[in-house]
Trainee: 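I'd like to ask some things about the structure below.
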Amino acid sequence: MALRVLLADDEKEFVETLAERLDLRGIEVRVALDGKAALTTLDEMAAAEALPDVMVVDLLMPGMTGDAVLQQVRRKYPGLPVIVLTGHDSVDDSGDSPVASAFACLTKPLSLGMFLETLEAAARSGGTGSDKARGGVA
């Protein structure tokens, strides 16, 4: 069975390009362009008994931030591995931050190789992890 991933990022061109690259590698991808759409899509996938193996969410999105999305995901789907993406070098991943519950936090621009490795590791984990991997420049 193919790996299923939900990508949530407001940068349309970035997320569509990333989705295409994952699709070429046989990974099933759903895309959401904001936090509310990500949660709606996640609920739809759950209703169809096809939860993603991994959710990838951008930290800074207009409207509902990645932090807020992550808080709701942890309440409804506590075992779902989530990878946080950010365009900032400094992220609060202390115990009080929702980001602390993420499997990993990767910095944009992404190294596709590292991203794929992190996706696979998150899917194998079947839950949240303690690695706070930081992505390098592509």
Side-chain angles (χ1 to χ4, degrees):
M1 184 163 73
L3 185 65
R4 274 191 306 266
V5 175
L6 172 57
L7 296 176
D9 196 308
D10 63 308
E11 294 177 47
K12 187 176 180 183
E13 186 175 314
F14 167 78
V15 78
E16 287 177 350
T17 300
L18 185 57
E20 286 174 17
R21 289 181 175 198
L22 295 177
D23 184 58
L24 288 172
R25 288 162 175 81
I27 297 172
E28 185 181 319
V29 181
R30 297 277 304 265
V31 170
L33 297 175
D34 62 52
K36 273 184 99 168
L39 293 173
T40 299
T41 301
L42 191 55
D43 288 340
E44 290 169 356
M45 294 175 81
E49 296 184 14
L51 269 175
D53 298 299
V54 181
M55 181 176 187
V56 179
V57 63
D58 184 32
L59 193 57
L60 294 177
M61 293 185 286
M64 180 179 261
T65 66
D67 277 351
V69 171
L70 193 50
Q71 285 177 324
Q72 290 198 32
V73 169
R74 285 292 156 252
R75 278 195 289 271
K76 289 181 86 171
Y77 309 100
L80 179 65
V82 177
I83 297 170
V84 172
L85 300 180
T86 182
H88 301 278
D89 291 335
S90 176
V91 174
D92 178 12
D93 60 2
S94 66
D96 296 334
S97 167
V99 175
S101 71
F103 180 83
C105 183
L106 301 176
T107 305
K108 296 180 198 175
L110 293 175
S111 156
L112 187 58
M114 177 179 280
F115 180 66
L116 291 169
E117 287 175 19
T118 305
L119 265 183
E120 291 168 4
R124 282 192 307 271
S125 79
T128 59
S130 60
D131 3 8
K132 301 292 183 228
R134 299 271 176 207
V137 175

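It should be emphasised that the depicted structure is a prediction, and the values quoted were computed from it without experimental measurement. Along the sequence shown, the residues carry numbers beginning at 1. Side-chain atoms are counted along with the backbone in the values below, which use heavy atoms only and exclude waters and symmetry mates.
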Trainee: How close do Ile83 and Ala122 get, heavy atom to heavy atom, and via which atoms?
Mentor: CD1-CB, 4.2 Å

Trainee: Roughly how far, to the nearest 0.5 Å, is CG of Asp10 from CG of Asp58?
Mentor: 5.5 Å

Trainee: Which atom names give the shortest non-hydrogen contact between Cys105 and Thr86, and what distance separates them?
Mentor: SG-CG2, 4.0 Å

Trainee: Is there side-chain contact between Leu18 and Leu112, with at least one heavy-atom pair below 4.5 Å?
Mentor: yes

Trainee: Testing Val56, Leu85, Thr41 one by one against Leu7 for a side-chain contact (heavy atoms from CB on, under 4.5 Å), which residue passes?
Mentor: Val56

Trainee: Only pairs under 3.5 Å count here: list side-chain donor-acceptor contacts from residues 23-37, not counting sequence neighbours, and write none if there are none.
Mentor:
unit_1	atom_1	unit_2	atom_2	d
Arg25	NH1	Arg21	O	2.9
Asp34	OD1	Lys36	N	3.1
Asp34	OD1	Ala37	N	2.7

Trainee: So which atom in Pro52 and which in Leu80 form the shortest heavy-atom distance, rounded to 0.1 Å?
Mentor: O-CD1, 3.2 Å

Trainee: Mind checking whether Val82 and Tyr77 have side chains closer than 4.5 Å, heavy atoms only?
Mentor: no

Trainee: Taking all non-hydrogen atoms of both residues, which atom of Ala2 and which atom of Asp53 are closest, and how far apart?
Mentor: O-OD2, 3.9 Å

Trainee: Decide yes or no for Leu59 and Asp67: does some side-chain heavy atom of the first lie under 4.5 Å from some side-chain heavy atom of the second?
Mentor: yes

Trainee: Name all residues meeting the side chain to side chain contact (heavy atoms under 4.5 Å, CB included) criterion together with Gln72; count only those two or more places apart in sequence or in a different chain, and write none if there are none.
Mentor: Leu39, Met64, Arg75

Trainee: Could you list the residues that satisfy side chain to side chain donor-acceptor pair (under 3.5 Å) with Glu11, not counting sequence neighbours?
Mentor: Lys108

Trainee: Between Leu116 and Leu22, does a side chain to side chain contact (heavy atoms under 4.5 Å, CB included) hold up when you go through it step by step?
Mentor: CA-CA 8 Å; Leu116 291 169; Leu22 295 177; 3.5 Å; yes

Trainee: Below 4.5 Å, heavy atoms only, C-beta onward: do Leu51 and Leu42 meet side chain to side chain?
Mentor: yes

Trainee: Atom OG1 of Thr17 and atom CG of Leu110: how far apart are they, to the nearest 0.5 Å?
Mentor: 11.5 Å

Trainee: Any chance you could measure Asp9, atom CG, to Glu16, atom CD, to the nearest 0.5 Å?
Mentor: 11.0 Å

